[in-house]
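Read the structure below first, then the notes.
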Amino acid sequence: MTKVEPVLKWVGGKRAILSELDAHFPSRLDGTYFEPFLGGGAVAFSREYSKISVSDANQELIRFYEVVRDHPTELFEVVSGFPVDEKFFYEIRGWDRASIFDSKSKVQLAARTLYLNRCGFNGLFRVNSRGQFNVPFGKKTSLDVRMEKLLALSRKLSGELGNQIEIMHSDFDSVLGKARPGDLVYFDPPYLPLSSTSNFVSYSITGFSNFDHLRLANSIEQLTKMGVRVLMSNSDTPRTREIFGGLGALISLNVQRNLSADGSKRGKVAEVIFDNAGRL
Ligand SMILES: C[S@@+](CC[C@H](N)C(=O)[O-])C[C@H]1O[C@@H](n2cnc3c(N)ncnc32)[C@H](O)[C@@H]1O
């Protein structure tokens with residue numbers, strides 16, 4: 001059994017619709033599986049392909065996974081020692097607003113990432129224009145971090161569960177220089193907004209703009225010309241169909257999820273999966 005569950009909550013996380021998504025993925029793959037918008041990793045960590053390459057533009061997230069891979073026990077011990085209360089939440093959140101940040105070890109910083117993910121409002125990861133984490137306290141009373149989940153993910157990321165796996169901090173388009181015919185790339189970008197006011201793109205300082213979606217379409221087209229299979233998740237909007245519809249099949253998924261990060265703007269979103277198999 002090489003499937004592993006995510007340890008972070010992530011906006012847009014695919015855990016709830018994995019079985020629906022699975023039907024679109026090949027059951028075996030001889031080439032490499034690329035997932036360049038890793039996030040919580042619900043899809044990537046449940047793949048049983050032998051070669052996996054995952055990446056994300058969020059450097060803190062990638063550093064967190066490196067610590068899960070290399071120091072899971074220390075990470076568990078440090079995070080378990082953090083008190084779950086509002087005062088400590090704002091104290092540890094403030095590390096990135098002061099020079100104290102640079103004096104912390106990578107295990108302490110990863111423990112902070114996990115703590116803020118567990119104790120912040122709705123498990124959001126959001127930073128301001130200065131890159132400072134700015135999610136408020138989520139009024140949690142316990143951490144609920146399980147050692148066996150951290151260890152399972154650590155083993156997956158170390159390649160001990162039978163897959164070779166590499167993890168990198170990079171923009172999604174670095175996959176263009178790596179993928180080869182026979183590989184599979186699954187893109188799970190921040191979704192196109194349903195309307196201009198329902199946009200949630202602040203995963204990183206730069207966000208994910210309309211221009212980025214056009215860059216993504218261009219990458220998909222180049223990968224298709226290279227003979228690389230591409231799957232992509234997105235919201236089912238007229239703009240999605242306009243940008244990606246000419247590049248492959250867009251299949252409606254039979255799911256409706258709350259995707260808005262902001263509780264006051266919650267709305268149900270229909271999703272599509274894009275597949276270029278018909279053009280290879
Ligand atoms: C929708 S989330 C991915 C959800 C994830 N697949 C899951 O199941 O939890 C989108 C991810 O894209 C990342 N991201 C945003 N802009 C990016 C870029 N230009 N290149 C690579 N990753 C980016 C964000 O940091 C975020 O983790």
Side-chain angles (χ1 to χ4, degrees), residues 3-22 24-25 33-47 52-66 68 113-114 116-117 120 122-127 131 133 135 149 153 156 166-179 184-194 198-220 223 230-237 240 253 255 257-261 269 271-274:
K3 294 185 185 210
V4 165
E5 288 180 27
V7 299
L8 295 176
K9 289 199 220 167
W10 212 251
V11 171
K14 294 286 177 291
R15 196 189 317 213
I17 61 163
L18 258 187
S19 54
E20 180 90 13
L21 278 177
D22 272 344
H24 298 273
F25 284 73
Y33 173 75
F34 291 91
E35 194 173 316
F37 296 96
L38 176 63
V43 178
F45 302 149
S46 63
R47 293 309 94 188
I52 298 177
S53 174
V54 291
S55 51
D56 199 286
N58 183 330
Q59 188 161 27
E60 183 177 334
L61 180 74
I62 296 304
R63 283 199 194 128
F64 170 76
Y65 287 129
E66 287 169 351
V68 172
T113 304
L114 183 53
L116 294 176
N117 182 261
N122 267 353
L124 295 182
F125 185 98
R126 190 184 62 202
V127 291
F133 194 84
V135 175
K149 277 196 171 186
L153 181 55
K156 178 89 179 177
E166 61 170 6
I167 178 156
M168 273 165 314
H169 169 233
S170 61
D171 186 81
F172 68 85
D173 69 2
S174 66
V175 72
L176 285 174
K178 298 181 152 201
L184 165 63
V185 181
Y186 171 58
F187 291 115
D188 183 17
Y191 284 2
L192 276 158
L194 289 186
S198 65
N199 204 348
F200 177 74
V201 289
S202 305
Y203 290 103
S204 64
I205 304 171
T206 49
F208 202 78
S209 62
N210 193 48
F211 175 70
D212 288 314
H213 278 282
L214 295 174
R215 276 202 307 133
L216 179 56
N218 183 48
S219 298
I220 290 176
L223 289 165
V230 177
L231 295 169
M232 175 194 65
S233 287
N234 219 316
S235 51
D236 191 357
T237 71
T240 311
L253 282 191
V255 289
R257 295 197 301 152
N258 283 323
L259 282 183
S260 174
V269 170
E271 294 194 32
V272 286
I273 185 139
F274 167 93

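Values below: every heavy atom of this structure, side chains too, minus hydrogens, waters and symmetry copies. Nothing here was measured: the structure is a model prediction, and the numbers come from that model. For ligands, and for the atoms within them, numbers begin at 1 and follow the listed sequence.
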Looking only at heavy atoms, which two atoms of A42 and P6 are closest? And how far apart?
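Shortest heavy-atom separation between A42 and P6 comes out as CA-CG, 3.6 Å.
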Which atom pair, heavy atoms only, marks the closest approach of F133 to L124?
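Looking at all heavy atoms of both residues, the closest pair is CZ-O, 3.5 Å.
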Applying a 4.0 Å heavy-atom criterion (strictly less than), which segment of [X] is in contact with ligand 1: side chain, backbone, both, or neither?
X: P36; value: backbone
X: S55; value: neither
X: W10; value: side chain
X: L38; value: backbone
X: F172; value: both

Report yes if some heavy atom in the side chain of [X] is under 4.5 Å from a heavy atom in the side chain of [Y]; otherwise report no.
X: Y191; Y: T237; answer: no
X: F34; Y: L223; answer: no
X: F45; Y: E5; answer: no
X: I167; Y: D56; answer: no
X: V185; Y: F172; answer: no

Counting both backbone and side chain atoms, is some N or O of [X] under 3.5 Å from an N or O of ligand 1?
X: G40; answer: yes
X: A57; answer: yes
X: V11; answer: no

Let me see the working for D212 and S209 under side-chain hydrogen bond (donor to acceptor under 3.5 Å, both in side chains), right down to the final yes or no.
CA-CA 5 Å; D212 288 314; S209 62; 3.1 Å; yes
Should the pair Y33 and Y186 be assigned to parallel (<30°), tilted (30 to 60°) or perpendicular (>60°) ring geometry?
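Parallel: the ring planes of Y33 and Y186 meet at under 30°.
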Are [X] and ligand 1 in contact, using a heavy-atom cut-off of under 4.0 Å?
X: S233; value: no
X: P6; value: no
X: E35; value: yes
X: L8; value: no

Can you list the atoms of ligand 1 that are under 4.0 Å from a heavy atom of [X]?
X: S170; value: 21 (C)
X: G41; value: 7 (C), 9 (O)
X: D171; value: 18 (C), 19 (N), 20 (N)
X: G13; value: 7 (C), 8 (O), 9 (O)

Tell me if the aromatic rings of F64 and F125 count as close, with their centers under 6.0 Å from one another.
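Not close enough - the centres of the two rings lie 6.0 Å or further apart.
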N58, L18, V43, D56: member with heavy atom nearest to atom 24 (C) of ligand 1
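Checking each option, the heavy atom nearest atom 24 (C) of ligand 1 is found in D56.
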Lys/Arg-Asp/Glu bridge criterion (N-O < 4.0 Å) met for E166, K178
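Yes, this pair counts.
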